[in-house]
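Taking it in order: structure first as structure tokens, then the write-up.
Keep in mind it's a predicted model, so treat the numbers as computed, not measured. Residue numbers start from 1 in every chain, and the chains themselves are labelled A, B, ... in the order their sequence lines are given, proteins ahead of strands.
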Amino acid sequence: MPLPRGVPVAVPCRHRHRLASPTSWIESDALAQCHQVAALDGMIHVAGMPDLHPGKGAPIGAAMMSALLYPFLVGSDIGCGIAVFPVRLRRAVPERLAARFPDLDRALDPERDAADPAWAAVTGDVPAGHTDGLGTVGRGNHFVELARIGAVFEPGHASRLGLDAGNLVLVVHSGSRGLGERVLRAHTEAYGAGPAPDPAAYLARHDEVVRWGSLNRRLLAARVAYALGFEPAEPIVDQCHNLVETRDGGYLHRKGAAPGDGRDVLVAGTRGTPSYLVAAHAGPDANHSVAHGAGRKMSRADALRRGRAKHTVDELRRTPVGSLVVCGDRQLLFEEAPSAYKRIEHVITDLVDHGLATPVATTVPLVTYKTLDAGGSRRPDRRDGRRGRGRP
DNA sequence: ATGTGC
């Protein structure tokens, strides 16, 4: 089948270039990355989501359809996704619940933690036999969040999901904790950024990693459920936004783009603003995908520099919606500040305006767990908030 | 987003 080259980039956003206006802007760097990807051998169609932003070599917030499979387009965190679990708790006082959150930086050890009830989430074998890091949330933009259903836009749809205004949910955003990185590295060491000569072999390992990511989100939810005192349950939604799937005889790569073909997706806001549960109905123009979150507006370095000038640690740990952010790492707190992200409302408006999704309900944060660690080799606490590099 | 190196 002959395939076109140098295809156009469809960016379903109100604004196609970096703008000074506070709407969902698209950085020119990210757009340039889309055009680079569009020029790859075999590329058929590149769709940028409203949360598009620059990544390492490939854009984040993009769905890329190609006749050839390019592992680097999915990146190292294969299997990363967002799941939403029902929470049956009577009262939800953020301070009390934050204090009861389990340590999600510490892996569940099959031997030492053999008696932990959260293991019930594992039915069958652990994919790839990979028990390292099981039950940990990771870093970066990953989080585990107890939230309350806020606005309900589609009551019928929400009820079918078992959700009504005021209900509590647990939102889990986590990936494959190093396992996907191994799979990408194995390819990259042999073929660099080139396509997979044996797509089936890559896909076999990739699919295991995707299953591992989903299992780990269930484990995280189970750990939190037992610690907070409610029964673990199956997720209401669980969509992976870093993966490749076979479709129409080609390979659809999603990098920070959620499957949008008739599925329900949680589009993550920030640690301090609501997230949106949407019914996605994206067609071929958007490569059957929708945004996965608010999308970074600033690089981590910029967010750190500007955040330190603009925010105090206290105001980032107690947010405008009244939620608490459990984050021992001050640097991460600044990097992940709500002001480092686009406004989620604009991303959702863009999805709606382009007919890609219908908002069902919002989830409003109560407690967001990021990490208890103070961060790498950095010093745990410095008066001025500046980071030392390494210990004395 | 990582594990790893300064």
* Which part of the nucleic acid, if any, lies within contact of A:G175, taking any heavy atom under 4.0 Å across all strands shown: a base, the sugar-phosphate backbone alone, or nothing? -> nothing

* Asked: Which is true for A:R185 with a 4.0 Å heavy-atom rule: it touches a base, it touches only sugar-phosphate, or it touches nothing?
  ->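 Since no nucleic acid heavy atom lies under 4.0 Å of A:R185, the category is nothing.
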
Distance in angstrom units between [X] [atom1] and [N] [atom2], rounded:
X      : N     : atom1 : atom2 : answer
A:D105 : B:dA1 : CG    : C1'   : 14 Å
A:K370 : B:dA1 : NZ    : P     : 9 Å
A:D373 : B:dT2 : CG    : P     : 13 Å
A:I60  : B:dT2 : CD1   : P     : 12 Å
A:F143 : B:dA1 : CZ    : C1'   : 14 Å
A:K255 : B:dT2 : NZ    : P     : 11 Å
A:R139 : B:dA1 : CZ    : C1'   : 11 Å
A:R217 : B:dA1 : CZ    : P     : 14 Å

* Asked: In terms of ring plane angle, is the pair A:H187 and A:Y202 parallel, tilted or perpendicular, where the classes change at 30° and 60°?
  ->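 Answer is perpendicular, since the angle exceeds 60°.
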
* Any idea how A:H253 and A:Y70 line up, ring-wise: parallel (<30°), tilted (30 to 60°), or perpendicular (>60°)? -> tilted

* Asked: Got a sec, which hydrophobics cluster with A:V224, joining ILVMFWY side chains under 4.5 Å apart, including via others?
  ->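 Grouped by the 4.5 Å side-chain rule, A:F85, A:V87, A:L89, A:L97, A:F101, A:L104, A:V137, A:V144, A:L146, A:L168, A:L170, A:V172, A:L220, A:L228, A:F230, A:V326, A:L366, A:V367, A:Y369, A:L372 form the rest of the cluster around A:V224.
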
Do any side-chain atoms of residues 355-364 of chain A form donor-acceptor pairs under 3.5 angstrom with protein atoms, and if so which ones, sequence neighbours left out?
| unit_1 | atom_1 | unit_2 | atom_2 | d |
| --- | --- | --- | --- | --- |
| A:T358 | OG1 | A:H281 | NE2 | 2.8 |
| A:T362 | OG1 | A:A151 | N | 2.9 |

* Asked: Taking only side-chain nitrogens and oxygens of A:R177, does any of them come within less than 4.0 Å of OP1 or OP2 of B:dA1?
  -> no

* State whether A:H173 places a side-chain N or O below 4.0 Å from either non-bridging phosphate oxygen (OP1 or OP2) of B:dA1. =>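 No.
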
